[in-house]
Number of protein chains: 2
Amino acid sequence: MTKRVTLADLAEQTGLNISTISRALSRPDRVSNETRRLVEKVAAQLGYETNVAARNLSRGTSDTILVLASSFSGQAISPVFTQTLLGVCEEAKALGLNVMLRQYLGQSISASDVMRYLQAGVADSVLLVASEQWEPPVGRPSDRGMLPVVSIFKDLTSAGLASVMTQEVDGYVAIVDHLVERGHRHFAFVSGPQGIGHEHIRYNAVKNRLSMLGLGQKLIRLEGGPFDMPSGAKAAQTFLALKNRPTAVICCSDAQALGFLHTILESGLRVPDDVAIAGYDGMDYTAFTSPALTTVIQPMLEIGRVAVQVLADIRNGRITSPRLVALAPTFVIRQST
Amino acid sequence: MTKRVTLADLAEQTGLNISTISRALSRPDRVSNETRRLVEKVAAQLGYETNVAARNLSRGTSDTILVLASSFSGQAISPVFTQTLLGVCEEAKALGLNVMLRQYLGQSISASDVMRYLQAGVADSVLLVASEQWEPPVGRPSDRGMLPVVSIFKDLTSAGLASVMTQEVDGYVAIVDHLVERGHRHFAFVSGPQGIGHEHIRYNAVKNRLSMLGLGQKLIRLEGGPFDMPSGAKAAQTFLALKNRPTAVICCSDAQALGFLHTILESGLRVPDDVAIAGYDGMDYTAFTSPALTTVIQPMLEIGRVAVQVLADIRNGRITSPRLVALAPTFVIRQST
DNA sequence: TTGTATGCGTTATCAG
DNA sequence: CTGATAACGCATACAA
């Protein structure tokens, strides 16, 4: 290893005191122009780079966000999250923060694990991605301020966490209205995994909207399972076996919609003539399937960005109580409906 | 904040010396069973969690891998990488390492930036994801040992970096052989972005194989651009305008293949009857397009895993010279050919 | 503005 | 096997 350059080296080189060097580098305004320039010059010359471990230890922070992403049943992070992850990285960079990534299995992360990370100083704030549950840590009777933890894709405000996600109801209402306008009167909803929050919100959004339109009884529910393509394909099999088939199918995800579409087309039925299919998420491939899929685009990138901002606001005390930030989705009509 | 528990607290509680506490926790075998149990008990009671900043500072390491992912022209991390990222996370967890993620714009990351991260102690090893270039740092005349940097998806061994990627030639040879066997004698290759390494490797793999089969003159090249769907669609437009059209199209990515497929179908041509289309990557949607796409599945997860292992082996001195680890892909024939 | 002294929490060295 | 003590590199309250 090339011997690392430390503040002490700069101090020796410049003849200044180490604390002056430190100040010149971290608070340029608290030092004379002269010394600032000198220090900067020598620092550049010697290739000084401030040691983060030392800085973190001294300041008691780590300036890093820990992203905890659930990987459902051994699967990969959903491609749905890549955009969000990008948003997180971009915003973090803008705020001078690091992003640490950790996957966890299953659907819920234990609060105590999170507290552990926080206490160990691995990170000083945490982003929960699609975590289903959150039981507030016990030994911590809400002592002053919120935890620097925010949930994305899942509303956990009731558990005391700021949350940011898509305004899901809006999206599904748009789908329903569109389908009704197209003349459909008989619907199927392809559900997500059992016990997942989105699930309820989304199904209820559809159900309620249809009820409001007097079509509450014309909705059946097909158990989908995971948000992936095979699960959509499986639901389509069930669908095809129905004696009295709905004419419009609303899926919990684009992946399911694609799987459903594929199976329907293979059966010889036509989309959208025999069956209209709508997805949800806004994956890029939906614009290129044949027929292209009608879907609701979630503002993935923005969700990542906003989540980081909320985190920052919690840390600097501008946010002091749980809140839900629900971002508007974009409904896009394509050939599948 | 709940006052953090430190080794000093445990020392006070147990009456033992702080160094003994440290040892009991980090080297349980170097203390008596008695004290080990005592320390463990008290640590659990007080909820002790070792401060990573302090540990890192003292040990001079960070136990974290920095993943540098290029995001082409403001786009998101390719969904292609999600699997790989999962592999990285899994293996890192198994080795007790952290994963830090950072995106960088453009296609090449400067070696000096990487050295900066390393020197700052942000991470002690780096994973370059699809980085096009690497100019070895200048001020560092290969002083003892390799840099703890590995490249994935791009062979940078010539620049002195261990690299892990897919055996790309094998994949394209398989595609060519398959298409020839299906009776095709006239081919198009939809290229990737200009100046990207994959590009050359892949095109040459196709070209060489065809030459070997006496069909070297029967290949045209369509400029694709980015590895995304619009780029495939654009190439398809060019293709459709051709007077003498090839019957088989080989794409640089599944995304391009999907875009191409979509445009071809819209034009009224039939796949695979009029045009056979093959992709590359093994994205999950390829199995659910209509027709399903023939493609080459890259071992994404494995690449991530192996990359981390290589990194670990470099650090512990088991690997001391640049090498390429090329993992075998899986060719899968579907309806599009 | 700059220098002095001390703390941050662990690990490692070296005696005992 | 355990204890005392010196790093590790930086930040900061306080004094000059």
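Atom set for the values below is all heavy atoms of this structure, side chains included, hydrogens, waters and symmetry mates excluded. Per chain, numbering begins at 1; letters A, B, ... match sequence-line order.
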Between the base of C:dT10 and the side chain of B:Ser58, is there a donor-acceptor distance below 3.5 Å? yes

Record whether the side chain of B:Thr50 comes under 3.5 Å of the base of C:dG9 through a donor-acceptor pair of N or O atoms. no

Determine the contact category for B:Glu34: base if any of its heavy atoms lies under 4.0 Å from a base atom, sugar-phosphate if only primed atoms, P, OP1 or OP2 are that close, otherwise nothing. nothing

Checking all strands, does A:Ser22 fall into the base, sugar-phosphate, or nothing category for heavy-atom contacts under 4.0 angstrom? base

Going by an N to O cut-off under 4.0 Å, is there a salt bridge joining B:Asp63 and B:Arg55? yes

side-chain contact (heavy atoms from CB on, under 4.5 Å) between B:Val5 and B:Leu10, worked out: CA-CA 8 Å; B:Val5 182; B:Leu10 300 192; 4.2 Å; yes

Under 4.0 Å between a side-chain N or O of A:Asn56 and OP1 or OP2 of C:dC8? no

Is B:Thr20 close enough to D:dG3 that one of its side-chain N or O atoms is under 4.0 Å from OP1 or OP2 there? yes

To the nearest Å, how far apart are A:Arg55 CZ and D:dG9 P? 15 Å

Looking at every strand, decide which applies to A:Arg27 at a 4.0 Å heavy-atom threshold: base, sugar-phosphate, or nothing. sugar-phosphate

Here the distance between atom C1' of D:dA11 and atom CG of B:Leu57, to the nearest Å, is 12 Å

Between B:Tyr117 and B:Arg102, is any side-chain donor less than 3.5 angstrom from a side-chain acceptor? yes

Contacts of B:Ala54 and B:Asn33 projected onto DNA chain D by closest heavy atom; the upstream (5') one is B:Asn33

Checking C:dT10, C:dT1, D:dG9 against the side chain of A:Asn51 (C-beta onward), the nearest is D:dG9

Salt-bridge present (B:Asp29, B:Arg36; N to O < 4.0 Å): no

Could you check A:Ser19 against B:Ile21 and say which one's nearest nucleotide on DNA chain D is further toward the 5' end? B:Ile21

What is the distance, to the nearest angstrom, from the CG atom on A:Asp29 to the P atom on C:dT1? 9 Å

Any side-chain N or O of B:Asn17 below 4.0 angstrom from OP1/OP2 of D:dA4? yes

Rounded to the nearest Å, what distance is computed from the CD1 atom of residue A:Ile18 to the P atom of nucleotide D:dC8? 11 Å

How many whole angstroms separate atom OH of B:Tyr48 from atom P of C:dG9? 10 Å

Quickly work out the B:Gln119 CD to D:dG9 P distance and round it to whole Å. 11 Å

Specify the separation, in whole Å, of atom CZ of B:Arg59 and atom P of D:dC8. 16 Å

With heavy atoms under 4.0 Å as the rule, sort A:Leu7 into base, sugar-phosphate or nothing. sugar-phosphate

Test item: A:Thr35 side-chain N/O and A:Ser32 main-chain N/O as donor-acceptor pair under 3.5 Å: yes

Mind calculating the distance between CG (B:Asp9) and C1' (C:dT10) to the nearest angstrom? 14 Å

Between B:Thr35 and D:dT2, is there a side-chain N or O to OP1/OP2 distance below 4.0 Å? yes

Does A:Thr84 use its side chain to pair, donor to acceptor, with the backbone of A:Met300 at less than 3.5 Å? yes

Which of the following nucleotides, D:dC8, C:dC8, C:dT2, is nearest to the side chain of A:Arg23? C:dT2

